[in-house]
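The structure appears below as structure tokens.
Note: hydrogens, waters and symmetry copies are ignored here, and every other heavy atom, side chains too, is used. We count residues from 1, following the sequence as given.
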Amino acid sequence: MIIPRVPVQHRRLLPDHRLSGPTPWVIAILMMLTLLAAAAGVGLARSANAIGDAIAGRVTVQIVTANPVTRAEQAAALRRAAAAQPFVLSARSVEQEELQATLGQWFGSSEGDDPLLKSLPLPALVDIDFVGEDRAGPMRALRTLVAREAPGARIIPHAEWLGPVARLIRSLAWIAGAMVLLMALASAAVVIMTARAALGTHYATIEMLHLIGATDRQITRLFQRRIAIDTAYGIALGSLVATAILLLIGWQWSGVTSGLAATASLGPAGWALLLALPLLAIALAALTARQTLLAALKKIL
């Protein structure tokens, strides 16, 4: 006698309780950490790129002549001569008030009106930005120009002191990316253990389904749907918590307008990536559960 194959009614065979087991909660925690690590990685990468672009072609000429009048004259002459060169994008003299305000932040006077600061012999600074990607040729030409207009002045490339900072930030971004991959693997491991545990718990039900003619694919769809629902609940919960944390951090970060911290942001591409990660996580969980269930059912038979 041939036993007809009948459709599997999943709601009658498996419990339908939401967030009842540990899987959704573990997935929620992993999803929250994944999104936070991804946000940190994107922000750090954008910050490193912004710093790299800012320092790639910028140098500061420091004029330390003792006579303040001579310093000012040499700075003005150098700025005019540099601005006229084809390899210079822009040249700007840093005002003494700006230097005093910067130093005042370290001396406890944000306005830079401390009499001690005004009495300090500050150097004259000229910021110069180069044109194009070539740096060797413009640097040689600038040395010649500085030697003529401001003898004894020092040329300080910004890459010398900010380059290591940019490399450190980029390394931290790579570490954040590695953490995202590790947590994705951990989530897949949780799904695999959940699938195997579900098969072990419902072993008698699986045998009965085989006896009434259910195929491995039908049984797989039954358990895959249950695991996908639990995983989706966990991913949604973790995403909501991570979104709340990121919005809180973004609100506090909006007050940062200067320094290296101001260059860290997610941008449209970063937010798009964060929105895509939960969807990718659900697809990965469903695929992992399907492959695990099919492989385990073959061994049962």
Side-chain angles (χ1 to χ4, degrees), residues 43-107 109-170 254-265 267:
L44 290 170
R46 285 174 57 87
S47 178
N49 292 335
I51 294 173
D53 293 340
I55 68 177
R58 170 167 291 189
V59 299
T60 295
V61 180
Q62 185 181 74
I63 303 173
V64 293
T65 303
N67 191 322
V69 176
T70 304
R71 282 202 307 268
E73 292 176 349
Q74 289 182 349
L78 177 62
R79 182 190 59 79
R80 290 192 299 268
Q85 302 302 314
F87 60 86
V88 173
L89 179 64
S90 64
R92 182 183 74 93
S93 295
V94 181
E95 300 296 334
Q96 292 293 303
E97 291 77 9
E98 184 177 347
L99 287 175
Q100 291 173 356
T102 302
L103 291 176
Q105 298 177 3
W106 298 95
F107 283 85
S109 174
S110 59
E111 300 298 328
D113 54 358
D114 193 326
L116 176 62
L117 292 177
K118 293 184 177 181
S119 65
L120 290 177
L122 300 179
L125 302 180
V126 179
D127 288 336
I128 297 175
D129 292 321
F130 291 145
V131 174
E133 300 295 332
D134 182 27
R135 299 289 178 262
M139 187 62 72
R140 289 193 297 269
L142 180 62
R143 288 194 182 96
T144 303
L145 185 65
V146 169
R148 186 184 69 214
E149 301 293 341
R154 295 177 55 196
I155 300 176
I156 306 174
H158 286 205
E160 286 186 359
W161 54 284
L162 279 180
V165 176
R167 288 192 294 271
L168 173 61
I169 294 176
R170 190 169 286 109
S254 61
V256 179
T257 58
S258 62
L260 297 179
T263 62
S265 63

Go through V126 and T60 one step at a time and tell me if the side-chain contact (heavy atoms from CB on, under 4.5 Å) criterion holds. CA-CA 6 Å; V126 179; T60 295; over 6 Å; no

Side-chain touch S47/R170, heavy atoms, less than 4.5 angstrom: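 Side chain of S47 against side chain of R170, heavy atoms only: no contact under 4.5 Å found.
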
Within a strict 4.5 Å, meaning less than it, do heavy atoms of the V88 and D129 side chains meet?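 A side-chain contact under 4.5 Å is absent here.
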
Identify the heavy atoms of [X] and [Y] that sit nearest to each other, and give their distance.
| X | Y | value |
| --- | --- | --- |
| A91 | A83 | CB-N, 4.1 Å |
| E149 | Q74 | O-CG, 3.7 Å |
| A75 | A124 | CB-CB, 3.9 Å |
| P123 | V64 | CB-CG1, 4.0 Å |
| L89 | F130 | CB-O, 3.9 Å |

Before giving the answer on side-chain contact (heavy atoms from CB on, under 4.5 Å), spell out for V59 and M139 the whole-Å C-alpha distance, their side-chain angles and the decisive distance to 0.1 Å. CA-CA 9 Å; V59 299; M139 187 62 72; 3.6 Å; yes

Once rounded to the nearest 0.5 Å, what's the spacing between atom [atom1] of [X] and atom [atom2] of [Y]?
| X | Y | atom1 | atom2 | result |
| --- | --- | --- | --- | --- |
| I128 | Q85 | CD1 | CD | 9.5 Å |
| I155 | Q62 | CD1 | CD | 11.5 Å |
| L125 | R79 | CG | CZ | 14.0 Å |
| L145 | L78 | CG | CG | 5.5 Å |

Pair V61-R154, side-chain contact (heavy atoms from CB on, under 4.5 Å): steps then yes or no: CA-CA 6 Å; V61 180; R154 295 177 55 196; over 6 Å; no

Run the side-chain contact (heavy atoms from CB on, under 4.5 Å) check on D127 and V94 step by step: do they pass? CA-CA 7 Å; D127 288 336; V94 181; 3.6 Å; yes

Give a yes or no on this: more than 12 heavy atoms of other residues, nucleotides or ligands lie within 6.0 Å of atom CZ of R92.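 More than 12 heavy atoms, drawn from other residues, nucleotides or ligands, come within 6.0 Å of this atom.
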
